[in-house]
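Order of the sequence lines fixes the chain letters, A, B, ..., with proteins taken first and strands second; residue numbering starts at 1 for each chain.
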Amino acid sequence: MTRTGPTDWLTATGDELASIRTALLAHYDHSRRELPWRGETDPYRIWVSEIMLQQTRVETVIPYYRRWLERFPDLEALAQAEIDDVLLEWEGLGYYRRARNLQAGAMLVRDRYGGQVPDTVSELRALPGVGEYTAGAIASIAFNEPVPAVDGNVKRVLARILDELAPSGSALRSLAKRLVDPKRPGDWNQALMDLGATVCSPRRPLCERCPLSPWCRARAAGTQEERPAAKPRGGVPKSVRITAVVVDQREHALVERQP
DNA sequence: ATCCCGTACT
DNA sequence: AGTACGGGAT
């Protein structure tokens with residue numbers, strides 16, 4: 001492969017897409033993090049791991065994930081559990097709504113789908129606590145559906161590939177959709193997330209070790225540290241407080257008031 | 001798009 | 001106390 005610079009992803013050829021997929025998947029195959037849910041394809045287990053990983057770091061989740069599967073080894077076990085037992089098992093993870101949603105979802109799948117987790121993004125999205133990201137992750141990892149899974153890490157990776165300060169949701173989705181490897185969608189999505197967690201970090205990304213650097217516009221421009229843009233501090237004030245003091249001609253205050 | 005939520009960090 | 005974060009919900 002000979003390359004002259006980062007690709008225009010809107011017009012990328014099939015060969016170019018194949019090249020970037022091959023590069024990242026090869027990297028993933030030899031340097032992926034070994035995690036308890038890696039290589040797993042049981043949709044219930046992927047579901048549990050993805051919900052636990054929302055707003056919670058990997059190291060924290062690992063022991064909870066293991067204990068959870070001992071206590072609730074399959075969807076049926078979770079669906080018939082007492083909510084108090086569910087919450088007890090979740091204790092320490094925080095965001096307890098996730099646990100309530102997970103069990104409500106398990107009951108829903110049991111009652112509406114005969115215990116089989118649905119395999120489409122739209123059906124998955126109907127489960128409580130499952131949004132676009134989580135639905136894509138479950139569909140791709142557990143069911144090999146060629147759909148993207150764009151979490152915070154992936155957003156950063158894509159923003160750097162595009163060298164955009166604040167790529168729109170639609171720009172991110174369309175690029176993510178084009179990139180997904182049709183043969184190994186689950187591995188592809190996990191590879192992108194892994195890359196964001198380990199190489200394409202928010203600060204000081206390790207571009208020298210990045211298998212995607214040949215395709216990365218930010219890397220070519222040297223702007224990787226500033227992509228995506230930091231959030232504007234504070235934002236636009238919604239109101240401005242004005243205080244006036246009325247004085248007479250000798251500058252004695254006639255009216256004073258504490259705001 | 002924008003808001004909301006619960007938590008961690010400062 | 002205030003803010004940043006990363007998801008979901010609307």
Rounded interatomic separation in angstrom, taking CZ from A:Arg173 and C1' from B:dA1 = 11 Å
Rounded to the nearest 0.5 Å, how far apart are CG of A:Asp151 and CE of A:Met193?
-> 5.5 Å
Can you check the A:Ile51 CD1 to B:dG6 P distance for me, whole Å?
-> 16 Å
Considering just the side-chain nitrogens and oxygens of A:Thr134, establish if one lies under 4.0 Å of OP1 or OP2 belonging to C:dG8.
-> yes
Expected output: side-chain A:Arg227 to main-chain A:Val157 donor-acceptor under 3.5 Å = no
Has the side chain of A:Arg21 got a donor or acceptor atom that lies under 3.5 Å from a matching backbone atom of A:Trp188?
-> no
Is it the case that A:Arg32 places NZ or CZ above or below the six-membered ring of A:Tyr28, under 6.0 angstrom from the centre and within 45 degrees of the axis?
-> yes
Assign each of A:Arg125 and A:Gly152 the nucleotide of DNA chain C bearing its closest heavy atom; nearer the 5' end lies the nucleotide of A:Gly152
Between A:Trp68 and A:Tyr64, does the ring centre distance come in under 6.0 Å?
-> no
Nearest-Å distance for atom pair CZ/C1', residues A:Arg100 and B:dC5 = 15 Å
Rounded to whole Å, CE of A:Met52 lies from P of C:dG7 at a distance of 16 Å
Scan A:Ser168 against the nucleic acid and name what it touches under 4.0 Å (heavy atoms): base, sugar-phosphate only, or nothing.
-> nothing
Salt-bridge criterion met for A:Arg219 and A:Glu208 (N-O under 4.0 Å) | yes
Do the side-chain N or O atoms of A:Arg97 get closer than 4.0 angstrom to the phosphate oxygens (OP1, OP2) of B:dG6?
-> yes
Backbone of A:Leu78 reached by a side-chain donor or acceptor of A:Gln103 within 3.5 Å | yes
Would you classify A:Asn101 as touching base, sugar-phosphate or nothing, given that sugar-phosphate means primed atoms plus P, OP1 and OP2, and contacts are heavy atoms under 4.0 Å?
-> nothing
Every protein N/O within reach of nucleotides 7-10 of chain B N/O, cut-off under 3.5 Å:
unit_1	atom_1	unit_2	atom_2	d
B:dT7	OP1	A:Tyr95	N	3.0
B:dT7	O4'	A:Tyr95	OH	3.3

Quick one: A:Trp90 CH2 to B:dG6 C1', roughly how many Å, whole number?
-> 13 Å
Rounded distance (Å) that lies between atom P of C:dG8 and atom CG of A:Leu53 = 12 Å
In whole angstroms, how far is the C1' atom of C:dG7 from the CZ atom of A:Arg98?
-> 10 Å
